[in-house]
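What follows is a single structure, written as structure tokens, with notes after it.
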Amino acid sequence: MSALKGKHILLAVSGGIAAYKIPFLVRLLRTEDMDVRVVITNSAQQFVSPLTLASLSGNPVEHDLVLKDSGNISWNSHVDLAGWADVIVVAPATSNTIGKYVNGICDNLLLATILSSKCKVFWAPAMDLDMFDNPANQMNLEKLRAFGHIVFPSPSGYLASGLTGPGRMVELDLIVLRIRSHFLKRKYWQNKNVVITSGPTRELIDPVRFISNGSTGRTGLELVKVLSDYGAMVTWIHGPSRYHQSGLDGVTYRPVTSAMEMRDEAMAIWPKSHIFIGAAAVSDYRPKNVAKEKIKKENAAMESIKFELNPDILTEIGRNRLEGQYVLGFALETENGLKNARSKLTSKSADAIVLNFTDTNNATMDSENNTVSIITSKNIDSWPIQSKKSIASNLVYWMEHNWKI
Ligand code: C5P
């Protein structure tokens, strides 16, 4: 069951071309089990059908301030609609609707509802680039922020006018992620700086070849997503991985390739952090010399590649910890799992090691599920097989309950 089940989302749709995307947004929110209602302006109905939105949300679409039904006239209460909403998302937010709202103009149900609301309001402006740049709009967006509302960025890209520039409506998945983190934030993680390494590293042999490993970086991504949802400030130092999510709230992205780059990034940020999570599969060795040109087949250089040891990032982090900083490491073992993980706990000065022991659970680096044990100096906690997403959320919960920061 989604932790967001039953949250009330009021989508306020004003009349921009990006309104054609809103049915997909309704679907995404419904997938998370949220209750969705839609309020729409006159002009928005020219871009998207209210019937589509009503069918997908499972609720009638609200439009009229005054309802006329079989000869009866009644007032459609914008106060009730505003009171129902846990959050309001205005998407797309047009220049017209934003401009009216910041001036308290209330000539339709959508504006009356937002003006009557007490909940958080998220705005997803969508305009052509020159309109977006216009000082009137920039000033109005600044006013929305000053009112305590959240204004999504309007990224650059292809616009309906055929021009290219800023003013596009923010991507739908980022709207959903931001709503998630609004609801899921937890006190413990507020103002906590977390550094996480994830994915494999690549150690160059020549300009086109490298040594690496099969780590997908999936557990790392899931950890970053949960931490972002809970409101942590995350520095995500990630090696090359096909599992990625940009634009996560509170996340600073530090893409790296080699172990040396990963180490430098980690050591630079560690003194200002509370928790280090070493989920990366760092290459233990790197070629001593990187050939300047691609090594030719007929050249014997491949046979005589010399390797040197990479720094052990977790060990350096552990040795340079300050009072009150906590360190979580990972261990992937194929034999003597427990014994090796225990010795890593000490040699790497970690507070806990998450052991993946491939012998017992058949889990490979690229599998959906995994079985892990959490090893501390006092305890071994073995968890049943579960998805990497679930492991990430349980690990974050585990840290919250075991580390008093
Ligand atoms: O020694 P081993 O590679 O098994 O240890 C695994 C743990 O150490 C993981 O947390 C991994 O991210 C970290 N590690 C590291 N730097 C290395 C090798 C491993 O931080 N060079």
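Indexing begins at 1, ligand by ligand and atom by atom, following the structure's order.
We find that K225 and D249 are not joined by a salt bridge, their nearest charged nitrogen and carboxylate oxygen being 4.0 Å or further apart. Ion pair E368/K388 not flagged as a salt bridge, since none of the NZ, NE, NH1 or NH2 atoms sits closer than 4.0 Å to an Asp/Glu carboxylate oxygen. The pair K100-D107 meets the salt-bridge criterion, since a charged nitrogen lies less than 4.0 angstrom from a carboxylate oxygen.
The two residues L174 and F152 make their nearest non-hydrogen contact at O-CE2, 4.2 Å. Scanning all heavy atoms of the two residues, the minimum distance from E335 to N340 falls at O-ND2, 3.0 Å.
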What short N/O contacts, under 3.5 Å, does ligand 1 make with the protein, listed by atom pair and distance?
from, atom 1, to, atom 2, distance (Å)
ligand 1, 1 (O), K348, NZ, 2.9
ligand 1, 4 (O), K344, NZ, 2.3
ligand 1, 5 (O), K348, NZ, 3.0
ligand 1, 8 (O), K348, NZ, 3.1
ligand 1, 10 (O), G278, O, 2.5
ligand 1, 10 (O), F330, N, 2.8
ligand 1, 10 (O), F330, O, 3.3
ligand 1, 12 (O), G278, O, 3.1
ligand 1, 12 (O), A280, O, 2.6
ligand 1, 16 (N), I313, N, 3.0
ligand 1, 20 (O), I313, N, 3.4
ligand 1, 20 (O), L314, N, 2.8
ligand 1, 21 (N), P311, O, 2.9

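Stacking of K192 on the aromatic ring of Y188 is recorded, both the 6.0 Å distance cut-off and the 45° axial limit being met.
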